[in-house]
Amino acid sequence: MDDQGCPRCKTTKYRNPSLKLMVNVCGHTLCESCVELLFVRGSGSCQECGTALRKNNFRVQLFEDPTVDKEVEIRKKVLKIYNKREEDFHSLNEYNDFLEEIEDIVNNLTNNLDVENTRRKMEQYQKDNKDIIHKNKLKLTREQEDLEETLEFERQENDRRRMLLLQEEQMQQLAKKKNKQALIDDLESSQLPASMLLAQHKDRAVQLETQLETQRKVKSVTFSTGIKMGQQISLQPVPKIEEALYVHQPLQMEMFGPDVPEYELLGTQGYLNHVRTATPQDLAGGYTSSLACYRALQDAFNGLFWQSS
């Protein structure tokens with residue numbers, strides 16, 4: 001990160017740690033000082049590629065590679081137009097093709113590949129799907145509003161609990177002060193022994209702590225995740241259930257025919273002489289010549305000795 005710098009004034013983050021780099025739609029970087037100097041009239045051209053730029057479109061560079069910032073900005077603009085959802089398609093394949101098309105558009109605009117045709121394609125898509133784009137924008141707005149309401153509710157609950165805790169602390173400190181002052185007054189005016197007064201003071205302090213603990217129990221509140229405040233979640237490990245291990249039993253098939261040669265002896269007995277040899281692609285998929293021959297023999301021998309009753 002220290003070797004990042006402005007290509008115009010050659011200032012780097014190593015020499016100036018507070019250097020703020022800015023990036024625009026073309027993906028080329030300038031420092032904040034050069035942006036203020038070159039775009040004093042509000043618009044100008046990029047020093048590297050000559051693209052016409054506006055000052056208010058510059059934003060702080062977030063990633064080490066400015067191309068990533070460019071891609072993020074382009075993806076936001078593309079997704080505002082290509083905002084269909086999976087439920088808008090008849091099949092998953094159509095939805096996947098739609099996502100692939102989005103990636104192609106983002107890649108073309110990011111790497112300056114066939115930019116004019118890509119932009120014309122986006123404009124045509126926007127005209128052809130104007131209604132569904134508007135509908136999905138409204139749907140997204142409603143979802144964002146619901147999310148913001150939920151977050152606002154949780155913020156209010158956090159503020160309320162914080163205020164309750166603050167009030168409880170103030171009440172606790174005030175009660176302790178009163179109890180301490182009461183002890184001092186009793187020691188000054190009472191005729192009882194000091195040891196008895198101290199014992200009474202300790203009893204009152206214990207009762208006060210009990211009352212404060214009872215008041216701290218605030219009514220549980222359910223978060224958006226469904227978990228209630230104050231809910232005790234068990235962290236104990238799940239108990240193991242002792243079960244008998246599975247033992248494989250070979251399948252016994254009633255052939256009603258002659259015995260099939262052993263699987264391992266098919267090659268030595270000549271059964272594989274006229275069976276197609278498995279290619280490396282077949283072996284990768286699990287196919288072997290012996291297996292195919294063995295199953296063919298099972299089908300051929302099966303039922304030869306069967307007689308109707």
Side-chain angles (χ1 to χ4, degrees), residues 1-86 88 94-130 132-141 143-145 147-148 151:
M1 292 291 291
D2 290 341
D3 59 347
Q4 283 186 297
C6 177
R8 181 180 178 275
C9 64
K10 309 303 180 183
T11 305
T12 63
K13 283 186 173 291
Y14 178 78
R15 289 186 292 176
N16 182 11
S18 62
L19 180 68
K20 184 183 293 186
L21 295 175
M22 314 289 287
V23 66
N24 209 313
V25 292
C26 63
H28 295 126
T29 306
L30 284 175
C31 69
E32 189 177 20
S33 300
C34 289
V35 170
E36 295 293 337
L37 180 64
L38 296 175
F39 295 87
V40 66
R41 296 185 178 181
S43 62
S45 58
C46 177
Q47 297 293 300
E48 296 190 33
C49 63
T51 304
L53 304 175
R54 297 187 63 84
K55 180 180 178 180
N56 54 8
N57 288 336
F58 277 95
R59 58 198 177 279
V60 178
Q61 180 178 335
L62 300 177
F63 301 93
E64 184 175 356
D65 185 0
T67 307
V68 180
D69 290 89
K70 179 182 178 181
E71 179 183 343
V72 170
E73 191 66 21
I74 290 174
R75 187 176 296 275
K76 288 180 182 178
K77 294 180 179 179
V78 172
L79 291 179
K80 287 182 180 179
I81 300 174
Y82 287 78
N83 61 355
K84 285 185 179 181
R85 304 185 177 198
E86 185 175 354
D88 296 327
E94 292 182 5
Y95 180 59
N96 289 335
D97 293 339
F98 175 74
L99 296 179
E100 188 69 26
E101 183 180 1
I102 292 176
E103 295 304 318
D104 290 339
I105 292 173
V106 173
N107 178 68
N108 290 346
L109 296 179
T110 302
N111 298 297
N112 298 322
L113 303 174
D114 198 14
V115 177
E116 293 300 326
N117 290 334
T118 303
R119 288 178 177 172
R120 281 198 295 267
K121 181 180 179 181
M122 291 179 60
E123 292 173 359
Q124 186 63 39
Y125 176 86
Q126 189 172 9
K127 291 179 182 179
D128 297 340
N129 300 271
K130 181 170 61 175
I132 192 168
I133 291 173
H134 180 66
K135 183 183 71 173
N136 286 337
K137 280 184 179 179
L138 294 178
K139 188 184 299 183
L140 180 61
T141 302
E143 292 177 354
Q144 289 178 343
E145 289 177 353
L147 178 61
E148 289 176 358
L151 294 176

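Bear in mind that the values here come from a model prediction, so they are computed numbers and not experimental data. Quick note: numbers below take in every heavy atom, side chains included, and nothing from hydrogens, waters or symmetry partners.
- Between Leu109 and Met122 there is a side-chain heavy-atom pair separated by less than 4.5 Å.
- The closest donor-acceptor contact from the side chain of Asn111 to the backbone of Leu113 lies at 3.5 Å or more, if one exists at all.
- Side chains of Leu79 and Ile102 form a contact here, defined as non-hydrogen atoms less than 4.5 Å apart.
- By the 4.5 Å heavy-atom criterion applied to side chains, Val60 and Lys20 are counted as neighbours.
- Between Asn108 and Val115, the closest side-chain pair of non-hydrogen atoms is not below 4.5 Å.
- Contact annotation: the side chain of Lys135 never approaches that of Leu138 to less than 4.5 Å [non-hydrogen atoms, C-beta and beyond].
- In this structure, the separation between NZ on Lys121 and CD1 on Ile81 is 12.5 Å, given to the nearest 0.5 Å.
- With values rounded to the nearest 0.5 angstrom, Asp69 atom CG is found 11.0 Å from Asn24 atom CG.
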task: List the steps and the verdict of side chain to side chain contact (heavy atoms under 4.5 Å, CB included) for Glu71 and Val106.
output: CA-CA 7 Å; Glu71 179 183 343; Val106 173; 3.8 Å; yes

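- Salt-bridge annotation for Arg75 and Glu103: present, with a side-chain N of the basic residue lying under 4.0 Å from a carboxylate O of the acidic one.
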(message) Determine whether Asp97 and Glu101 satisfy the following criterion, side chain to side chain contact (heavy atoms under 4.5 Å, CB included), listing intermediate values before the conclusion.
(response) CA-CA 6 Å; Asp97 293 339; Glu101 183 180 1; over 6 Å; no

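- The line from CG of Leu151 to CD of Gln144 is 11.5 Å long, rounded to the nearest 0.5 Å.
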> Going through the distances and angles, do His134 and Lys130 end up as a side chain to side chain contact (heavy atoms under 4.5 Å, CB included)?
Replying inline: CA-CA 6 Å; His134 180 66; Lys130 181 170 61 175; 5.7 Å; no

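- The shortest side-chain heavy-atom distance between Cys49 and His28 falls under the 4.5 Å cut-off.
- Scanning all heavy atoms of the two residues, the minimum distance from Pro66 to Gly27 falls at CB-O, 3.3 Å.
- Arg119 CZ: 12 or fewer foreign heavy atoms inside a 6.0 Å radius.
- Separation of atoms CE (Met22) and CG (Leu53) is listed at 12.0 Å; rounding is to 0.5 Å.
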**Message:** Run the side chain to side chain contact (heavy atoms under 4.5 Å, CB included) test on Asp88 and Phe98 for me, step by step, so that the C-alpha distance in whole Å, both residues' side-chain angles and the decisive distance to 0.1 Å come before the verdict.
**Reply:** CA-CA 11 Å; Asp88 296 327; Phe98 175 74; over 6 Å; no

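- At least one side-chain heavy atom of Asn129 sits less than 4.5 Å from a side-chain heavy atom of Lys84.
- To the nearest 0.5 angstrom, Asp128 atom CG is 4.5 Å from Gln124 atom CD.
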Would you be so kind as to tabulate the donor-acceptor pairs closer than 3.5 Å made by side chains of residues 29-44, with sequence neighbours excluded?
residue: Thr29; atom: OG1; partner: Gln61; partner atom: OE1; Å: 3.2
residue: Glu36; atom: OE1; partner: Lys55; partner atom: NZ; Å: 2.8

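- Shown here are the side-chain hydrogen bond (donor to acceptor under 3.5 Å, both in side chains) partners of Asn117, two or more places apart in sequence or in another chain: Asp114, Arg120.
- Here Glu145 contributes atom CD and Leu140 contributes atom CG; the two are 10.0 Å apart, rounded to the nearest 0.5 Å.
- Under the 3.5 Å distance criterion, the side-chain polar atoms of Arg85 are left unmatched by any main-chain donor or acceptor of Asn136.
- In terms of modelled atom types and a separation under 3.5 Å, the side chain of Lys13 and the main chain of Leu19 share a donor-acceptor contact.
- Ring geometry for Tyr82 versus Tyr125: interplanar angle under 30°, hence parallel rather than tilted (30 to 60°).
- Other residues, nucleotides and ligands place no more than 12 heavy atoms under 6.0 Å from the CZ atom of Arg54.
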